[in-house]
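Chain A is the first sequence line, chain B the second, and so forth, proteins listed ahead of strands; every chain is numbered from 1. Only a predicted model underlies this, so the values are computations on that prediction, with no experimental measurement involved.
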There are 2 protein chains.
Amino acid sequence: MVRRRRRKVATIKDVAERAGVSTATVSYVLNGTGSVTAATRQRVLQVVAELEYQPNHAARSMRSRSRTLGLILPYGAAELSTPTLAELVAGLTEAAANHGYYLLLAGDPGKSERLVATSLARTGRVDGFVLLDLQVDDERSADLTAAGILHVGVGAPASGNACPGLSFDLTGGALMATRSLRTLGHRRIALINLPSELTDSDLLYQGFAKALTETGEEVAPSFIVEAGTSQDDGLAAMQELLAQPEGPTAVLAASDELAFGAMHALRDAGIEVGRDVALIGCGDVPLAAHTHPPLTTLRAPRRALGAALAHTLIALVEQQPLPSFTPLPLQLIVRKTTCPLPE
Amino acid sequence: MVRRRRRKVATIKDVAERAGVSTATVSYVLNGTGSVTAATRQRVLQVVAELEYQPNHAARSMRSRSRTLGLILPYGAAELSTPTLAELVAGLTEAAANHGYYLLLAGDPGKSERLVATSLARTGRVDGFVLLDLQVDDERSADLTAAGILHVGVGAPASGNACPGLSFDLTGGALMATRSLRTLGHRRIALINLPSELTDSDLLYQGFAKALTETGEEVAPSFIVEAGTSQDDGLAAMQELLAQPEGPTAVLAASDELAFGAMHALRDAGIEVGRDVALIGCGDVPLAAHTHPPLTTLRAPRRALGAALAHTLIALVEQQPLPSFTPLPLQLIVRKTTCPLPE
DNA sequence: ACCGAGCACTTAACCGATTAACTAGATTAT
DNA sequence: ATAATCTAGTTAATCGGTTAAGTGCTCGGT
């Protein structure tokens with residue numbers, strides 16, 4: 001059987017030979033280090049172009065870094081299909097590309113996240129990791145820190161975590177959303193929040209609470225429901241709120257997913273969203289614009305967050321000063337699930 | 001400023017020294033090559049465990065391959081958020097992991113897909129690529145083949161493409177779906193198909209046509225609409241069908257996305273899906289179970305396809321015989337959008 | 001008793017880059 | 001005029017593995 005051999009690509013030696021210089025000179029030209037006359041530089045670059053030379057990545061990363069960022073997919077990776085994660089990944093990938101980095105996906109259901117991460121880092125395959133859904137006292141972060149592995153997390157830089165944490169300005173967003181509900185006349189406002197393990201959940205709570213206390217009101221504990229992350233969790237949470245003697249007239253949900261669940265619960269209870277009860281979600285996933293009625297929600301710049309994560313992690317890897325990061329602002333997209341307080 | 005130096009990891013030299021052997025012996029033990037006594041093997045493995053030694057990836061891939069598969073994200077990468085792609089990626093990642101491979105994501109909006117791919121391959125960063133949405137006479141495949149870069153595509157192995165193409169058994173699926181519509185009494189059945197550039201579109205058409213011709217009927221050209229891939233495209237296609245003097249009583253859509261659009265169009269036209277008109281989608285994305293009414297659709301094993309792609313590409317890379325591939329069967333999930341022909 | 005083969009290793013070349021150390025020639029300083 | 005410095009390169013060490021070639025040693029065959 002004739003099997004075509006893999007094509008041989010040009011090496012730095014080929015370039016050096018053809019340009020009549022040493023490999024060191026070629027390297028100097030390509031990296032802008034050393035001192036080279038304009039004429040020599042020209043000649044080398046000419047040959048590089050002719051041979052379409054590109055330095056071998058393995059050889060390069062032996063001397064320095066691998067210019068690769070790692071991302072561990074959550075169990076089952078079904079969550080990759082959530083627009084939230086998908087756009088984040090897109091932002092990561094693009095921003096990384098701008099710095100000559102690439103994104104390595106890992107997600108071995110057999111091994112633990114920790115094992116995969118340390119293996120990837122110890123073998124020099126990746127320079128650092130992005131941790132999704134940063135938690136309070138995150139074990140993963142502690143593990144990586146202990147192993148000397150650089151990483152950044154998606155979420156608030158919380159106590160117990162030594163890594164930089166980047167997130168949206170959920171506090172500002174929640175404040176804005178809750179204020180807008182108050183402006184519409186609502187006074188019995190509930191919050192369906194994320195699990196309290198997630199660092200993001202407190203951010204949201206702070207904004208929500210501030211909007212109430214700034215007008216001298218108290219936060220009713222029964223109106224704060226800690227839910228999971230799924231649509232079903234949102235449904236359950238809403239049912240819990242409706243079961244109370246005096247239920248809320250407005251609800252802020254910590255994610256669109258939760259809001260969708262809440263919409264289901266309301267519909268099942270015969271309550272019309274956007275007329276009887278106001279509802280605001282968070283995230284603005286594509287589907288939010290196409291529910292019935294379309295969901296009022298806080299738009300989150302997911303792609304920008306991905307880019308910010310990439311920048312921060314790369315700065316960490318290259319030992320440059322970390323770029324200053326201000327939580328990315330959310331934008332209130334008013335659709336049809338918000339309404340003035342019914343008289 | 002005190003900045004902790006990166007932790008030094010054990011090298012093969014450390015292992016060799018500690019075990020009192022040469023590095024070659026360590027390498028032989030770890031790779032199962034060469035001949036080593038049981039005692040020596042024991043000792044080496046012992047030390048490997050003690051030092052938690054893992055071979056440096058860069059050094060390794062200089063002599064062989066990089067054990068990395070490349071995937072180029074579609075423009076803007078918004079499509080990653082489609083469950084279809086997300087699950088495929090998950091399947092790819094997992095199956096790759098089982099062979100010691102990882103998935104490298106690329107998606108540089110600045111450079112062309114071709115440029116990124118050749119660069120990644122020439123620098124030895126990846127061993128091969130997965131091409132999404134394989135097209136008839138796919139330019140990308142031609143480019144990669146010309147550059148001697150291994151790759152597999154998602155789609156039918158079509159004319160003009162030298163690479164293996166893996167897909168679902170869309171022909172069988174369309175046949176099954178269309179037959180089921182006939183069994184329900186429908187005779188005026190339409191097909192909203194994918195763009196004809198996609199190799200998958202013909203597969204679907206073949207099954208659809210067979211279901212009609214096998215009972216001696218003719219395929220009405222006006223009932224075959226070539227649409228795009230978006231929900232809006234599905235909407236437009238359905239409107240086109242409805243505009244005909246005698247519209248279809250049943251519709252097969254080539255994707256759930258298209259089916260959702262068709263549902264919108266039907267609803268807008270005051271036609272009740274699942275009573276007046278039957279509709280079958282393809283893919284069974286999670287949302288399909290939650291539309292009103294829930295969508296009858298062909299369930300596609302996306303994760304399995306991802307795994308098959310990984311296996312095939314890795315076999316290609318390692319010059320092993322390609323695993324035989326039978327198109328992955330679809331399963332008809334009957335929900336509420338199908339109905340007998342109204343009398 | 002001697003040769004060849006096989007075993008269990010070691011030695012060293014090699015993969016393709018980066019970079020510290022060196023060198024020859026030109027320029028500047030004293 | 002001569003030493004010191006600078007420029008534009010080269011040579012060679014190095015990163016951490018893999019692997020072809022080499023080296024004693026034991027064993028079997030004749």
field: Whichever of B:T25 and B:M62 has its nearest DNA chain C nucleotide further upstream toward 5'
entry: B:T25
message: Is there a side-chain contact between A:S61 and the phosphate of C:dA17, meaning an N or O under 4.0 Å from OP1 or OP2?
response: no
task: Look at A:S35 and D:dT7 and indicate whether a side-chain polar atom (N or O) is within less than 4.0 Å of OP1 or OP2.
output: no
- prompt: Is A:S64 touching bases, backbone alone, or none of the nucleic acid, heavy atoms closer than 4.0 Å?
  reply: nothing
task: With heavy atoms under 4.0 Å as the rule, sort B:V26 into base, sugar-phosphate or nothing.
output: nothing
Is it true that the side chains of [X] and [Y] contain a donor and an acceptor less than 3.5 Å apart?
X      : Y      : value
B:T68  : A:R125 : yes
A:D200 : A:S167 : yes
B:Q54  : A:S119 : yes
A:Q46  : A:Q42  : no
A:N56  : B:T123 : no

Whole Å only: how far is the [atom1] atom of [X] from the [atom2] atom of [N]?
X      : N      : atom1 : atom2 : result
B:R122 : C:dG16 : CZ    : C1'   : 15 Å
B:Q42  : C:dA8  : CD    : P     : 15 Å
A:R67  : C:dA17 : CZ    : P     : 13 Å
B:R63  : D:dG17 : CZ    : P     : 13 Å
B:K8   : D:dT14 : NZ    : C1'   : 12 Å
B:N56  : D:dG17 : CG    : P     : 5 Å
A:E17  : D:dT11 : CD    : P     : 13 Å
B:D14  : D:dG17 : CG    : C1'   : 13 Å

Side chain of [X], heavy atoms from C-beta onward: which of [options] has the nearest atom to it?
X     : options                : answer
A:S22 : C:dT11, D:dT11, C:dT18 : D:dT11
A:T37 : C:dA17, C:dT10, D:dA8  : D:dA8
B:N31 : C:dG16, D:dT18, D:dT11 : D:dT18
A:K13 : C:dC15, C:dA8, D:dT18  : C:dC15
B:Y53 : D:dG17, D:dT14, C:dT10 : D:dG17

field: Most 5' of B:T33 and B:A58 on DNA chain D, judged by nearest nucleotide
entry: B:A58
query: Can you find an N or O donor on one side and an acceptor on the other, under 3.5 Å apart, linking the side chain of A:Y28 with the base of C:dA20?
result: yes
